[in-house]
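Worksheet: one structure, shown below.
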Amino acid sequence: MKKEYHVYGCVLFVLNQKGEIVKVSGNTSLYGYSKEELQGRLFSDLRVQKIDNGELHRRKDGSTVTVSVHTIKIAERKVVMLCHEEKDYLLSVVNTIEVGAMLVDKENKVVHANEVANELFTKNEIIGKTLSELLPSSVNFRQKYAFTLPVNGVYRLQNKEEVLVYSLIFDEYAMVFLEPVGSNETLNRLNFMAYHDELTSLPTRTILRDRIYQNFSLARRNGEKVAILFLDLDDFKRINDNFSHRHGNLVLQTVAQRMLSTLRESDTISRVGGDEFVIVIRARETKNIIRVVRKIREAISQPIELGKEKISISSSIGISLYPDDGTKAEELIHKADMAMYKAKAKGKGCYAFYDDSLTIAAKEGTRIEHDIQLALQRKEFELYYQPIVSLVSKKVIGAEALIRWNHPKRGLVLPNEFIPYIERGPLIMEVGEWTIEQACQELKTLRDKNIQINISVNTSATHFQQMGFAQLVKQALKRNELSPEDLIIELTERTLMEDSPATKSTISELNFLGVKLSLDDFGTGYSNLKYLATMPVSILKIDMSFIRYILTNPKDAEIVRAMIGLGKSLGILTVAEGVESEKQFERLKEYEVDAVQGYYFSPPLKSSEFVEFISETNNPL
Ligand code: C2E
Ligand code: CA
Ligand code: CA
């Protein structure tokens, strides 16, 4: 009877002594699980029952699938292959396994052999030969299906070399592995396949943990520290986006290679995620660790050639220490990861050590998230409005909406105390949606009072880059019967500089709608002036850090003057933020800034006070 299987390709598992899956290759869509999800599970957990023509296995979605299971045991490892006559897959295993391997048909004839196998049978043409011809001294034969094959025995080749032979038997073919006796190559290679990343050949997480513990005991013995470095490439996504996936892979391989040649053989490097690496080093003193960190960063940042172009890539590194920050591998990797985020927050190409405040901040973060969820339900947020005043007319031409949290216990909470905690997560969208709707309602109220000013709202990168952001703005405007020019969206220079396709598409959608963009905190990012010329930005908000020293630091003063000049020549309105004194105001007037915002005119005000402020300023008696 012909066996009936779903067409699924092949899957190769390597199991350890406990029967846990340590490596999966091939097509795991058969199970609906990813490779990562399968790793570490017991192979037997997949099995529902053995049946006549194979085994019934359980998929992720609960359904079952019939599979044909083939196993061999090599030393302590068990290799399980689920396969039904996909010759291509068998061939690819034979070609990549790096020990002698051949594919043999039902007549016992070799149909394919890899290079290592060819070398073992020097001078002899092996394709078309039978196994008994090639391995004349074979004695242990095993009867299975239609095959007569040597199984796990030692055989003497014609050149007198002794080889160990293993075979994996399928319906139409059998795979035969050969290795010189005593070399343990097959096991090593299978182990290697199980423990190493296919792209960079670096060890994966499984082996990393082992190595970390080895380092702990060595460090204890030598009175050293173990440093766990968590390294993440900056803007790696951009390489994949701007070049190709293949180029991205090339960058990862180059980076891996450079780290290997920078570090000592006793150090461990592992790839733990797409562009994330963990490095384990031992050192007597912190300054030695820093030296290594700098060396790695330096090596990575050297230009990399991608086709005709040269790129350079920086890396952010977080560091945790054994025994200072913990004594468990997972814990230290996690802490180094947290420190890496701290490094990223400092800018690109930085490093940072873990400290306990990060754990406190993380805990604080989850608490704050919960509190913010409640705050949204309980309507504890409020928008304050800070007037933006025209320099020429001295009238209020607009306002910036600034969020405040009326906390039941803490009183008035300023945005810097809660926005950063939610900025990367999904909550920022809810808060952002609320802000936009609220600002639109305020505008509606102003219109009803016949006050014609616009309102700027702040946005976070995560929200701005969300698909449908422009649509959200459009809906809010429509609901409140406003026109697009009533609302201005502030985005920070950093968001703009991230240069993601998502940012670009939101920008062009907003531009299409007719909603103006204001570039916030101008001067604090890595200004790429080219963006200003190409992006539809209507307003530049000169960051208050420049205004603060405009009277005392001539360099800051010159920068402000230049920024205003730049705005003028590009036809972009300039607004100076954080103007606190008359003297600053006078200086800005001299430089011909278009508008100012700051305590000199008014702090952010509650809605009612703001309306009062406008009528006093714009309609003086
Ligand atoms: P920002 O966009 O740069 O806002 C200007 C900040 O400067 C405001 O702080 C404002 O109160 C303060 N400020 C105004 N005039 C002066 C002055 O003369 N001197 C000084 N020293 N400060 C002045 P605030 O309201 O605490 O907001 C801080 C930051 O929080 C904002 O910086 C903005 O990045 C963020 N933020 C505020 N509201 C929102 C919001 O609704 N959504 C998002 N995503 N972020 C917001
Ligand atoms: Ca702002
Ligand atoms: Ca600002």
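Quick note: residue numbers are just sequence positions, from 1. Source: prediction; values computed, not measured. Note that ligands are numbered from 1 as they come in the structure, with each ligand's atoms numbered from 1 the same way.
- The distance from the CD atom of Gln471 to the OG1 atom of Thr506 is 11.0 Å, given to the nearest 0.5 Å.
- In this structure, ligand 1 sits under 4.0 Å from heavy atoms belonging to Gln386, Glu400, Leu402, Ile403, Arg404, Pro415, Asn416, Thr435, Asn458, Thr459, Ser460, Asp520, Asp521, Met544, Glu577, Gly578, Val579, Glu580, Gly598, Tyr599, Pro604.
- Applying the side-chain hydrogen bond (donor to acceptor under 3.5 Å, both in side chains) criterion to Asp337, with sequence neighbours excluded, gives no partner residue.
- Taking a cut-off of 3.0 Å, the protein N, O or S atoms nearer than that to the Ca ion (ligand 2) are Glu400 OE2, Asn458 OD1, Glu490 OE1, Asp520 OD2.
- Taking the six-membered ring wherever Trp is involved, the centroid distance between the rings of Phe381 and Phe418 falls below 6.0 Å.
- Between Leu376 and Trp434, some side-chain heavy-atom pair lies under the 4.5 Å cut-off.
- For Ser545, the side-chain hydrogen bond (donor to acceptor under 3.5 Å, both in side chains) partners are Asp543, not counting sequence neighbours.
- Of the N and O atoms on the side chains of Asn406 and Glu382, at least one donor lies less than 3.5 Å from an acceptor on the other residue.
- In terms of modelled atom types and a separation under 3.5 Å, the side chain of Thr617 and the main chain of Phe613 share a donor-acceptor contact.
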CA sep, side-chain torsions, deciding dist, call: Glu369, Ile422, side-chain contact (heavy atoms from CB on, under 4.5 Å): CA-CA 7 Å; Glu369 274 175 22; Ile422 58 166; 3.9 Å; yes

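- The aromatic rings of Phe585 and Phe601 lie perpendicular to each other, with more than 60° between the two planes, well past the 30° mark.
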